[in-house]
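Each remark here refers to the structure printed beneath this line.
Being a predicted model, the structure only gives us computed values, none of them experimental.
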Amino acid sequence: SGLPRDSHEPMWTACDAPEWDDFVEATKQRQPTRPPYDKFAYSNLGYSLLGGIIHAVSGQSWADYLQQHILDPLGMTETKPIPKRDDEQLATGYSKLDKNYERSPLPFFLMNGFEASANFASTINDLVKYATFHLNKDKSPILSSHTLRDMHRVHWLQEGWDSGYGLGLGVYKIKDWTLSGHGGAYPGYLSSFSLSREHNMAVIVLTNAIDSDPFQYLEQCYKLVLPEIIKATEKSTPKANPIWEKYLGEYSNLWSLSKVIIRNNQLQVISLDWVDAPPSILEPTDEAHVFTVQEAGQSNETVRFEFDDDGQVINMRYRNEISKRQS
C-alpha cells in the first residue's frame with residue numbers, strides 16, 4: 001500500500017500508543033513511503049486501519065468482532081484481545097540484559113489506536129487450538145478450506161525467492177520443508193508461531209524477554225523433531241498391482257515419446273524425449289484402467305488406457321490426448 005510501518009509518534013521505545021482519533025488524523029497528513037505494489041513491507045499501521053474498517057463495516061469493535069467470529073468458535077477462552085494489567089495469567093515482560101546481566105520489568109501499556117495490530121494476549125493452550133484450525137484440511141467453523149489454504153500460499157515472493165508472504169502469514173523454508181506462520185514483538189515479549197501443513201505439525205514459542213530469539217528455538221525444533229515425525233508417519237507404498245503389467249510399453253504421439261513402467265511399486269510415465277523430466281506417477285482410481293496423474297504443474301488430471309477387442313492396450317489417453325502404443 002505504501003503506508004508507513006508504525007505510528008507518527010515513538011511507540012515501541014516510549015511504550016505508549018496514540019488514541020484512535022489522534023492516529024487517524026495524523027495518518028491523513030503522512031506521505032506514502034513508496035508507490036503501491038512497489039515492494040513488500042509489513043505495516044502495523046495497515047493492520048490498525050483494518051481494525052477500523054472492521055468496526056465501520058460490522059458495527060462492532062474489532063475486538064468484539066474477532067471474539068465472536070474467531071475466538072469463540074475456536075474455543076479460545078484464554079485469549080484476550082484487550083488484556084488487563086492485573087490479569088493473573090499475564091506474564092511480566094522483561095528488558096534485555098544490562099551490563100550487570102540483570103533484567104528489568106517493562107511497563108504494561110495498551111496499543112490504543114494500534115490495538116488491531118498488536119494487542120492480543122494468549123496462552124500455549126489457546127494457540128494450540130489456533131494451530132489446529134490452521135492445520136485442518138476439512139471443514140472449519142471460521143473459513144472454507146479453500147480460503148484457509150489460500151492464506152498459506154505465497155502471494156508476494158521476496159526478491160531472493162527464499163521466502164514470501166501469504167494472507168497475513170509469512171511463508172518460508174527450513175531445509176526442504178515449506179512452513180508458514182508469524183512472529184510477534186511487543187516490549188518485553190517475543191513470540192513465533194509456525195506450521196507445517198504438509199506434515200501436520202506446529203511449533204509455538206512464547207518468551208517474555210525482549211532480547212530472546214524465539215525463531216532460533218523454533219528452527220531447531222523443526223530440525224530435531226520433524227524428521228522423526230516424518231519417519232514415524234511415513235506410509236509404505238502398496239505393492240504394484242499385477243494387472244499393471246498390461247499397460248507397460250512405449251507410447252507415441254505428434255509431440256512426444258513416453259514409456260509406462262513400474263518402479264518403486266508405482267506405475268509411472270517417463271519421457272523418452274526429455275530425460276531430465278521427473279516421472280509422472282499414476283495413482284489408481286475406483287474406475288478400471290483410469291488413473292490420476294501426480295506431477296508438478298498438474299492437478300489430478302486423468303490417464304485412461306484403451307483396449308481393442310482382443311483385450312490389448314492400444315492407446316493411452318493422457319489428459320484427453322491420445323498416445324498410441326508402439327508394437
| message | Quick test of your reading of the model: are K80 and D87 salt-bridged, counting only N-O distances below 4.0 Å? | response | yes
| In the single-linkage hydrophobic clustering (I, L, V, M, F, W, Y; side-chain heavy atoms under 4.5 Å), do L195 and F215 co-cluster? | no
| Under 3.5 Å: donor-acceptor pair, side chain of N300, backbone of T292 | no
| Should the ring pair Y42 and H182 be called parallel, tilted or perpendicular, given that the plane angle runs from 0 to 90° and is split at 30 and 60? | tilted
| said: Using 0.5 Å steps for rounding, measure from the CG atom of N320 to the CD atom of E301. | reply: 8.0 Å
| said: Assess whether a salt bridge exists between R317 and E306, defined as any Lys/Arg side-chain N lying under 4.0 Å from an Asp/Glu carboxylate O. | reply: yes
| request: Would you check if the distance from the ring center of Y222 to the ring center of H199 is below 6.0 Å? | output: no
| task | Walk me through it: do H55 and Y65 pass the test side chain to side chain donor-acceptor pair (under 3.5 Å)? | result | CA-CA 8 Å; H55 186 189; Y65 186 89; over 6 Å; no
| request: Answer yes or no: does atom CH2 of W274 have more than 12 heavy-atom neighbours from other residues, nucleotides or ligands under 6.0 Å? | output: no
| Would you call E287 and R304 a salt bridge, using N to O less than 4.0 angstrom? | yes
| Ring geometry between F114 and F23 (parallel below 30°, tilted from 30 to 60°, perpendicular above 60°) | tilted
| Would you say K259 has more than 12 foreign heavy atoms packed within less than 6.0 Å of its NZ? | no
| message | Regarding K231 and E228, does a basic nitrogen lie under 4.0 Å from an acidic carboxylate oxygen? | response | yes
| request: Would you please classify the geometry between the Y130 ring and the H134 ring as parallel, tilted or perpendicular, with 30° and 60° separating the classes? | output: perpendicular
| request: Give the intermediate values and the outcome of side chain to side chain donor-acceptor pair (under 3.5 Å) for residues N253 and E321. | output: CA-CA 9 Å; N253 63 26; E321 301 296 340; over 6 Å; no
| Is there a donor-acceptor pair under 3.5 Å between the side chain of D211 and the backbone N or O of L97? | yes
| Rounded distance [0.5 Å steps], OG in S192 versus CG in D213 | 8.0 Å
| remark: Taken to the nearest 0.5 Å, the spacing of L267 CG from I243 CD1 works out to 11.0 Å
| task | Report the C-alpha distance between R153 and V171 in whole Å, list the side-chain angles of each, state the deciding distance to 0.1 Å, and finish with yes or no for side-chain contact (heavy atoms from CB on, under 4.5 Å). | result | CA-CA 7 Å; R153 184 171 60 82; V171 184; over 6 Å; no
| request: Begin from the C-alpha positions of D126 and T79 and carry the test side chain to side chain donor-acceptor pair (under 3.5 Å) through to its verdict. | output: CA-CA 7 Å; D126 266 13; T79 300; 2.7 Å; yes
| request: Flag yes if V313 and L272 sit in one hydrophobic cluster, no otherwise; membership is Ile, Leu, Val, Met, Phe, Trp, Tyr, and two members link when side-chain heavy atoms are under 4.5 Å apart. | output: no
| Counting distance only, does the side-chain N/O of N44 pair as donor-acceptor with the main-chain N or O of D6 below 3.5 Å? | no
| task | Step through it carefully: locate the ring centre of F291, locate the ring centre of Y318, and say whether they are under 6.0 Å apart. | result | no
| Does CZ in F109 sit with more than 12 non-hydrogen atoms of other residues, nucleotides or ligands closer than 6.0 Å? | yes
| query | Within a strict 4.5 Å, meaning less than it, do heavy atoms of the K173 and D162 side chains meet? | reply | no
| What are the two closest heavy atoms between L106 and G188, and how far apart are they? | CD1-N, 3.4 Å
| query | Under a 4.5 Å side-chain heavy-atom rule over Ile, Leu, Val, Met, Phe, Trp and Tyr, are L167 and F133 clustered together? | reply | yes
| query | If two hydrophobic side chains count as joined below 4.5 Å and joins carry through other members, does W177 share a cluster with I229? | reply | yes
| message | Is any side-chain heavy atom of L71 closer than 4.5 Å to one of P81? | response | yes
| message | Please check: side-chain N/O of N315 versus main-chain N/O of I322, any donor-acceptor pairing under 3.5 Å? | response | no
| field | S191-Y186 side chain donor-acceptor pair, cut-off 3.5 Å | value | no
| field | Validation row: S1, P36 side chains within 4.5 angstrom (heavy atoms) | value | no
| Going through the distances and angles, do T178 and E198 end up as a side-chain contact (heavy atoms from CB on, under 4.5 Å)? | CA-CA 8 Å; T178 299; E198 179 183 359; 5.8 Å; no
| task | Kindly say whether A209 contributes a backbone atom to a donor-acceptor pair with the side chain of S212 at under 3.5 angstrom? | result | yes
| Polar side-chain atom of T92 near backbone of P105 as donor-acceptor pair, under 3.5 Å | no
| said: To the nearest 0.5 Å, what is the distance between CG on L148 and CG on D138? | reply: 10.5 Å
| request: Answer with yes or no whether the hydrophobic clustering places V293 together with Y247; edges join I, L, V, M, F, W, Y residues whose side-chain heavy atoms lie under 4.5 Å apart. | output: yes
| Quick one: are F305 and L282 in side-chain contact, heavy atoms under 4.5 Å? | yes
| query | Of the non-hydrogen atoms in S7 and R30, which two are nearest, and what is the gap between them? | reply | C-NH1, 3.4 Å
| How close do R197 and L135 get, heavy atom to heavy atom, and via which atoms? | CA-CD2, 3.9 Å
| With a 4.5 Å heavy-atom cut-off, do D150 and H155 have their side chains touching? | yes
| Nearest heavy-atom pair of M316 and V269: which atoms, and what distance? | SD-CG2, 4.3 Å
| message | Looking at D276, I want to see if its CG is surrounded by more than 12 non-hydrogen atoms of other residues, nucleotides or ligands under 6.0 Å. | response | no
| query | So, does D308 use its side chain to make a donor-acceptor pair with the main chain of G311 at under 3.5 Å? | reply | yes
| query | Within the distance-only criterion (no hydrogens, no angle test), does the side chain of T285 pair as donor or acceptor with the backbone N or O of V290 below 3.5 angstrom? | reply | yes
| Point-to-point distance, once rounded to the nearest 0.5 Å, from CG of D64 to OG of S58 | 8.5 Å
| request: Over all heavy atoms of both residues, which pair between P18 and D22 is shortest? Give the atoms and the distance, please. | output: CB-OD2, 3.8 Å
| field | Any donor-acceptor N/O pair, Y189 side chain to G93 backbone, under 3.5 Å | value | yes
| So do the side chains of I314 and Y251 get within less than 4.5 Å of each other, counting heavy atoms only? | no
| task | Determine, stepwise, if the pair F307 / K246 fulfils side-chain contact (heavy atoms from CB on, under 4.5 Å). | result | CA-CA 10 Å; F307 295 77; K246 64 176 64 179; 3.6 Å; yes
| In Å and rounded to the nearest 0.5 Å, what is the OG to CD distance from S258 to E250? | 8.5 Å
| message | Check whether Q326 reaches the backbone of K324 with its side chain - one donor and one acceptor, N or O, closer than 3.5 Å. | response | yes
| Do E245 and I262 have side-chain heavy atoms sitting under 4.5 Å apart? | yes
| request: Could you check if a side-chain atom of Q268 sits within less than 4.5 angstrom of a side-chain atom of P278, using non-hydrogen atoms only? | output: no
| field | I142 vs L74, side-chain contact (heavy atoms from CB on, under 4.5 Å): CA-CA, chis, key distance, verdict | value | CA-CA 8 Å; I142 298 175; L74 295 181; 3.4 Å; yes
| message | Minimum heavy-atom separation for L127 and L206, please, with both atom names. | response | CD1-CD2, 3.9 Å
